[in-house]
Amino acid sequence: MSGFSEDMPFFDEPNARPAAAPSGIAARAMAARSGQNSAPDYLRGLNPEQRLAIETTEGPVLVLAGAGTGKTRVLTTRIAHILATGRAFPSQILAVTFTNKAAREMKQRIGHLIGEGNVEGMPWLGTFHSIGVKLLRRHAELAGLKSDFTILDTDDVVRLIKQLIQAEGLDDKRWPAKTFAQMLDNWKNKGLGPDEIAEGDARSFGNGKGRQLYKAYQERLQTLNSCDFGDLLYHPIRIFRAYPDVLKEYHRKFKYILVDEYQDTNTAQYMWLRLLAQRPQAGRSPSAEGRKPDRASAGQAAPAEASERSERAAVSETKVNICCVGDDDQSIYGWRGAEVDNILRFDKDFPGATIIRLERNYRSTAHILGAASHLIAHNEGRFGKTLFTDRDDPEDDKVHVHAAWDSEEEARAIGDAIEAYQRQKHNLNDMAILVRASFQMRAFEDRFITLGLNYRVIGGPRFYERLEIRDALAFFRVVANGGDDLAFERIVNVPKRGLGEATIRQIHDTARAMRIPMLEAAATLAESDELKPKPRAALREVAANFERWQKALETKPHTELAETILEESGYTDMWKNDRSAEAPGRLENLKELIRSMEEYESLRAFLEHVALVMEAEQGESQDAVSIMTLHSAKGLEFETVFLPGWEEGLFPHQRALDEGGRSGLEEERRLAYVGLTRAKKNLHIWFVSNRLIHGLWQSTIPSRFLDELPETHVDVADGGNSYGGYGNPYGGGAFASGRAGGRQNPYGASRFDNIGANDQGSFSNTYATPGWQRAQANRTEATDRNWGTRSGHQVERIGYGETDSGYGAGRTSVKGRTIEGELIAKSVADTPSAFNVGDRVFHQKFGNGNIAAIDGNKLTIDFDKAGQKRVLDGFVAPV
DNA sequence: CACAAGAAGCTTTTT
DNA sequence: GCTTCTTGTG
């Protein structure tokens, strides 16, 4: 049997026997079973549905777990239950999650349940990718790799593809490597190899060379002994298909399969699961009746190994004990290949599946739940769940909907609200701002910096993606694996050693010609006289360095070695001598990197961790408001949640509508649902009338999702309510009809069509709300922020490369106050506007003003009251 | 090789 | 409009 080496004890049950030393919960559970009839401890406090989900261990089970219904608890308890009742050994359980975070949490909780000491016999628990690696390391040679293959990240992949595109003689401008990397990813997410992709797809890139490039790419990966992320799923799938005996081993091994966030699985993951879960049954599909042991009749004799084990083990092998947990209403990753269909189709894929709904919500108030449920009910094509709660506290606030004039005021008002909560002794840690798109974050950061309010931004470029970290890792990678050409190329000339493009090309060519890694080629070249003295000396030093470090790899502790490498290469000095603002931070990050290495046994172990876990683990060190995208908020909860930017075009996002049509809209709605259900107690939704989009002020209309909220659970804040005293600068009248945010939204009319009377009665009647004087006041304050009130307050960026960058650069950007001459110079327009500079015009929201400059259909107007703005000519009328 | 001007993005993001 | 990457010039 191919791929299993002796030193990898595969069937490790005998050593991991839980019955031998049942500890913790297992012991208690067993005692409980034999003793009284009462349920074991770990089942206490669960509701009937949860218990059903846990105790229905046999056959396929789909648990539809709504937001806040105790999904993770069910998953972990289910595993504990399987173990406690002796249904399987830990090593016979496969549990898959999507994120490292989820895996970590599950591991922890299970450890807690079955007793921390039993780490030895832990289940196979991890992300699809980490389990993929585990599989692939065992069977690497079946995929043409060695078991110590390296995992490339996206950056490496793009650089590699670029080289291939150039090697093909294609213009890498016209055919961007990034685009192809994405295509590759899509193909692999669908489990398609170079020969399986659609002809059209293959032709659409690189003058019809798509397929050829794909092949060349895979070949290159093989010579580099590397994998990309897609391969971690794709290779195992192909191995399972091509080597049924290998697959069979895993069929025997895994008795119980659990999958978290099933709604997020893509096609490749689905295929992977199917292969593992569906046992060949000679044309018969396992049904509910299949619960009875009927293997014998399937004509598939129980393998000898199985008969050695207990009766029960043999029985359960015939069944598909797969349990998928998910929520179709929280599927928000369709755009990167997730197939909601996988979850909707579950009972067809696994006939006789038990479907269990968890609908009792333990998180939110009745108002929040009511609002969320009502909203999501607008989607078609869902299983349909109705969350409920027993909670009925008349003190609970309704969901608040607020209007603001523009994004700056939105940020200001939310900042005020946060401070108000703070005065009521709420922790900042319990509050979050969830945005649709990351550009929205800026306004909040700006505002919070002036306020001196602590915040933390979650998401964005991760720790390991930072420049200095990637450089350092490249050094380590070359030391650990001299054949890592991509890493070598990254740092040959770092810090600058006068090794230009020409020299590097030469190394490249030599390496190709002699079929040796670039590092070796460099060493060879350094000893030859093919180079000019300068680069030659430089190369010689590089080669000597790496030789020395590689030797030290065996002897020195890895953290010490890492430090030495960064010192001796001159990398630390490079940043020490750099007087830019980021340099100190980068040095700090390097220190952090070394520190984090301590937890790992070796440099290699650390590098593997880094490849798979592209996040820096950081604790919440201090009290701070969280700012993040709705996507990254999935799975989290907060006492108080702010959801800004509920406007058509932004949320739902225009591109989702354009590209995804109806299903795009439904995914946006699910995203809204995710947002709403993050809140435990207080929920504030905001929309603005004016937003700066791509540098242009655009009038916006309230999101259709606002109209989809039920009135009974929603409280629309009127102007005086939260702010008091700010009137409509344009004199109230028709616009300030006193019902700021009447709730009929005219989104049926054309987008941005809110000029004139049809604007009335929509949410966008925001004059009456926070007010224009504030906007005026903003302007002065916005200027102030340039010299920052930064002292004494801390900004924490989780996973951001640059710490507060660019705030000082606001000089020209204070509310579109651009230098006029520039705009006039640019105003050679392709679409001539019907206006002339100097014309007096009227704008629905900004009032009267004079045109200062024209750029195509974009006008720069000095408004009498609102100041200078750039607007599209369609929004103004001549006076 | 360094710096500056020019061009292309610009929704969400894990592994 | 802003930011980021690439290309061009000294």
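Protein chains get the first letters and strands the later ones, always in sequence-line order, with residue 1 at the start of each.
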Checklist entry - Using the P atom in both, what is the distance from C:dC2 to B:dT13, to the nearest Å? => result 23 Å
Checklist entry - Atom CG of A:Leu643 and atom C1' of B:dT12: how far apart are they, to the nearest Å? => result 15 Å
Next on the checklist: Can you measure A:Asp264 atom CG to B:dT14 atom C1' for me and round it to whole angstrom units?
Outcome noted: 10 Å
Item to check | Along DNA chain B (nearest heavy atom to each residue), the more 5'-positioned of A:Leu671 and A:Gly230 | outcome: A:Leu671
Checklist entry - A:Ser331: what forms a side-chain contact (heavy atoms from CB on, under 4.5 Å) with it, not counting sequence neighbours? => result A:Gln263, A:Val340, A:Arg670
Checklist entry - Which residues satisfy the side chain to side chain donor-acceptor pair (under 3.5 Å) test with A:Glu105, sequence neighbours excluded? => result A:Arg109
Next on the checklist: Could you tell me how far apart A:Asp155 (CG) and B:dT15 (C1') are, to the nearest whole angstrom?
Outcome noted: 15 Å
Checklist entry - At under 4.0 Å between heavy atoms, what does A:Gly498 touch on the DNA or RNA strands: base, sugar-phosphate, or nothing? => result sugar-phosphate
Nucleotides 5-7 of chain C: which of its N/O atoms have a protein N/O under 3.5 Å away?
residue, atom, partner, partner atom, Å
C:dT7, OP1, A:Lys173, NZ, 2.9

Checklist entry - Residues in salt bridge (Lys or Arg N to Asp or Glu O under 4.0 Å) with A:Arg662, at least two apart? => result A:Glu380, A:Glu666
Item to check | Nearest heavy atoms of A:Val492 and A:Arg497, plus distance in Å | outcome: O-NH1, 3.1 Å
Next on the checklist: Please classify the nucleic acid contact of A:Gly132 as base, sugar-phosphate, or nothing, using heavy-atom distances under 4.0 Å.
Outcome noted: nothing
At a cut-off of 3.5 Å, list every protein nitrogen or oxygen paired with a nitrogen or oxygen from nucleotides 8-11 of chain B, distance to 0.1 Å.
residue, atom, partner, partner atom, Å
B:dT11, OP1, A:Arg655, NH1, 2.2
B:dT11, O4', A:His653, NE2, 3.2

Short heteroatom pairs, N/O only, protein and nucleotides 2-6 of chain B, under 3.5 Å:
none

Item to check | salt bridge (Lys or Arg N to Asp or Glu O under 4.0 Å) against A:Glu261, all qualifying residues, sequence neighbours excluded | outcome: A:Lys71, A:Lys634
Checklist entry - Taking atom P in both C:dT3 and B:dT12, what distance in whole Å separates the two? => result 16 Å
Checklist outcome for this item: Separation of B:dT12 atom C1' from A:Gln182 atom CD, nearest Å, is 12 Å
Checklist entry - Are OP1 or OP2 of B:dT15 and a side-chain N or O of A:Asn100 less than 4.0 angstrom apart? => result yes
Item to check | All side-chain contact (heavy atoms from CB on, under 4.5 Å) counterparts of A:Thr154, not counting sequence neighbours | outcome: none
Item to check | A:Tyr673 and A:Asn379: side chain donor to acceptor below 3.5 Å | outcome: no
Item to check | Residues which pass side-chain contact (heavy atoms from CB on, under 4.5 Å) with A:Glu668, listed by chain and number, not counting sequence neighbours | outcome: A:Arg436, A:Phe651, A:Pro652, A:His653, A:Ala656, A:Leu671, A:Phe705
Next on the checklist: Please confirm whether the shortest side-chain N or O distance from A:Ser130 to OP1 or OP2 of B:dT15 is below 4.0 Å.
Outcome noted: no
Item to check | Residues forming a salt bridge (Lys or Arg N to Asp or Glu O under 4.0 Å) with A:Asp471, sequence neighbours excluded | outcome: A:Arg490
Item to check | Set of side-chain contact (heavy atoms from CB on, under 4.5 Å) partners for A:Lys162, sequence neighbours left out | outcome: A:Gln166, A:Asp172, A:Ala177
Checklist outcome for this item: The side chain to side chain donor-acceptor pair (under 3.5 Å) partners of A:Trp175 (sequence neighbours excluded) come to none
Next on the checklist: What is the separation between atom CZ on A:Arg669 and atom C1' on B:dT12, rounded to the nearest whole Å?
Outcome noted: 18 Å
